[in-house]
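To keep things clear, I will list the structure first and then write my remarks on it.
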Amino acid sequence: MKKFLFFLFMALVVVSCTETADKDAESVVEDPTAKLMDSLGWINTQIIASPNDPELYIAKARYFLDNNNLQSAMQEADRAIGIDSSNVNYFLFKADAYYEASDLLAAKSTYLTVLKIEENNIHANMKMGWISLISGLHDDVFVYTNTVLKQNQYLSEPYYLKGLAYKELGSFKLAVSNFRTSTEQDNDYIESWLQLGYMYDAAEDTLAGAFYENALRIDSNNIDALYAFGSHLQKWGLAEAAIAEYQHIIRVNDNYHDAYFNIGFVYLELLNENDSAIKYYDKVLALNPYNFKGYYNRGLAFERMDLIPQARIDYEKTLELKPDYTPAAKGMSRVN
């Protein structure tokens, strides 16, 4: 009897598989929306069974947040808080959701509520530090970051944030000191390496290049680091090396028109290869037909090749887009 039931079961499996294979591919693809609705349905079922479990309301809030429904997410989070108002994680959930939605006033209010419950909460203090920086309240940045560092002096982010505040205040030494300390705590904190590069570049210090190289050690395809390093090399007249960095950007993102623009500039001003410059400005203008400097630089390359009609057209287009652009007006006077 058991053997008979086994063979009957296997026959049914074969028939079921055959029927599924005969269906259209589209008909057997799982509907992600239906799966999400099943998830919400499951949560609601659990809430009916355990209506006083705050974690279930937070789960429902996460569901709504994942589906870009901030208002409903906050309503569910409030239900969780209504059940257990001593749990800082529920307030942090709300605060982080507001922060990500760029509602900084609501985020600030909620983070401050967290700090009333738990004044040394690292996450809330760090977020308040960021909100303070965005608001231009530099003294508050130092208060919140120093509170964090009293809890854990080996974190990188507080030093990075302090560095940004000192940078905005124009204190080069203190900014650099904090960015360096940030990298000492975490040698792979790429944002601090980039900031060090920016600051040393602004100070006309060639050491900036080493900082950009450190950033690229962490992420060789980081476009900000590639562009900054390329610009650094370009500024110091290292034309071929600069082009290599810009070409790397294009391999990562072939629509990054600033990389094409700078390659064109290097060919135009550093290498005096006007035909190559024109090729790259053609690409710039294909990506952004409103780039008036692209028209001007291409016009200048045409002029230097004695292609006067083409130069005149580009200078005219430049002035059409930006009538007060003096270099284009001077160019027109030369080719008329």
Side-chain angles (χ1 to χ4, degrees), residues 65 70 74 77 81 87-205 207-208 210-212 214-215 218-219 222-225 227-228 232:
L65 199 59
L70 179 64
M74 295 301 93
I81 290 169
N87 192 321
V88 296
N89 290 325
Y90 302 157
F91 290 101
L92 286 173
F93 173 86
K94 283 189 66 177
D96 287 346
Y98 282 130
Y99 187 89
E100 292 300 319
S102 298
D103 188 344
L104 296 186
L105 287 176
K108 179 178 180 178
S109 175
T110 315
Y111 285 127
L112 289 174
T113 300
V114 171
L115 294 177
K116 287 179 182 177
I117 301 170
E118 189 179 298
E119 64 179 350
N120 291 326
N121 185 281
I122 287 178
H123 183 78
N125 275 288
M126 277 307 309
K127 288 298 186 182
M128 282 301 300
W130 282 107
I131 291 171
S132 299
L133 183 73
I134 294 167
S135 304
L137 303 173
H138 300 99
D139 287 343
D140 288 348
V141 173
F142 302 132
V143 170
Y144 289 115
T145 52
N146 286 335
T147 299
V148 171
L149 291 170
K150 286 178 183 177
Q151 311 307 309
N152 186 346
Q153 63 180 318
Y154 301 108
L155 296 174
S156 295
E157 187 181 4
Y159 295 108
Y160 172 68
L161 184 51
K162 287 178 70 174
L164 292 177
Y166 281 123
K167 180 181 178 182
E168 289 189 0
L169 290 170
S171 180
F172 179 88
K173 287 185 178 180
L174 287 173
V176 166
S177 175
N178 277 278
F179 291 139
R180 281 188 174 275
T181 303
S182 174
T183 63
E184 288 166 4
Q185 306 314 313
D186 180 359
N187 197 42
D188 289 340
Y189 204 87
I190 191 170
E191 292 86 355
S192 289
W193 288 117
L194 281 171
Q195 286 297 330
L196 285 166
Y198 298 150
M199 296 198 70
Y200 275 77
D201 245 342
E204 302 290 328
D205 192 322
L207 187 58
F211 296 129
Y212 295 136
N214 252 319
I218 300 162
D219 180 2
N222 185 287
I223 287 180
D224 290 337
Y227 188 80
H232 170 80

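Any value given below was found using the heavy atoms of this structure, including those in side chains, with hydrogens, waters and symmetry copies removed.
Using a 4.5 Å heavy-atom cutoff, the side chains of Tyr200 and Gln195 are not in contact. Taking 4.5 Å as the limit, some side-chain heavy atom of Lys162 sits within range of a side-chain heavy atom of Leu149. Contact of the Thr110 side chain with the Tyr99 side chain is not registered, since no non-hydrogen atoms from C-beta on lie closer than 4.5 Å. Here the side chains of Tyr111 and Ile131 are in contact, with some heavy-atom distance below 4.5 Å. Looking only at side-chain heavy atoms (C-beta outward), Leu133 and His138 come within less than 4.5 Å of each other.
Remark: Ile218 CD1 to Asn222 CG distance equals 9.0 Å, nearest 0.5 Å. Atom OH of Tyr189 sits about 9.5 Å away from atom CG of Leu155, to the nearest 0.5 Å. Taking OG1 from Thr113 and NZ from Lys116, the interatomic distance works out to 5.5 Å, rounded to the nearest 0.5 Å. Within the model, atoms CG of Asp205 and NE2 of His232 stand 8.5 Å from one another, a figure rounded to the nearest 0.5 Å. To the nearest 0.5 Å, atoms CG (Asp96) and NZ (Lys127) are separated by 6.0 Å.
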**OP:** Check step by step if side chain to side chain contact (heavy atoms under 4.5 Å, CB included) holds for Met126 and Tyr144.
**Re:** CA-CA 6 Å; Met126 277 307 309; Tyr144 289 115; over 6 Å; no
Subject >> side chain to side chain contact (heavy atoms under 4.5 Å, CB included) between Phe93 and Leu65, intermediate numbers included >> reply: CA-CA 10 Å; Phe93 173 86; Leu65 199 59; 3.9 Å; yes
**OP:** Starting from the C-alpha separation in whole Å, work towards a yes-or-no answer on side chain to side chain contact (heavy atoms under 4.5 Å, CB included) for Met199 and Val176.
**Re:** CA-CA 8 Å; Met199 296 198 70; Val176 166; 4.2 Å; yes
Original post:
Can you list the steps and then say if Asp103 with Leu105 is a side chain to side chain contact (heavy atoms under 4.5 Å, CB included)?
Top reply: CA-CA 6 Å; Asp103 188 344; Leu105 287 176; 4.2 Å; yes
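Here the rule is side chain to side chain contact (heavy atoms under 4.5 Å, CB included) with Tyr212, and of Asp201, Leu196, Asp224 only Asp201 fits it. Paired with Tyr166 under the rule ring pair (Phe, Tyr, Trp, His ring centres under 6.0 Å), one option of Tyr160, Phe142, Phe179 passes, and it is Phe142.
Taking a 6.0 Å sphere around CD of Glu119, one finds it holds 12 or fewer heavy atoms contributed by other residues, nucleotides or ligands.
Nearest approach of Ala225 to Ala215, heavy atoms of both residues: CB-CB, 3.9 Å. A pairwise comparison of heavy atoms in Gly129 and Leu161 identifies C-CD2, 3.6 Å as the closest pair. Residues Thr145 and Pro158 come closest through the heavy atom pair CG2-O, 3.8 Å.
Evaluation of the side-chain hydrogen bond (donor to acceptor under 3.5 Å, both in side chains) test over residues 177-186, restricted to residues two or more places apart or in two chains, returns Ser182-Ser192.
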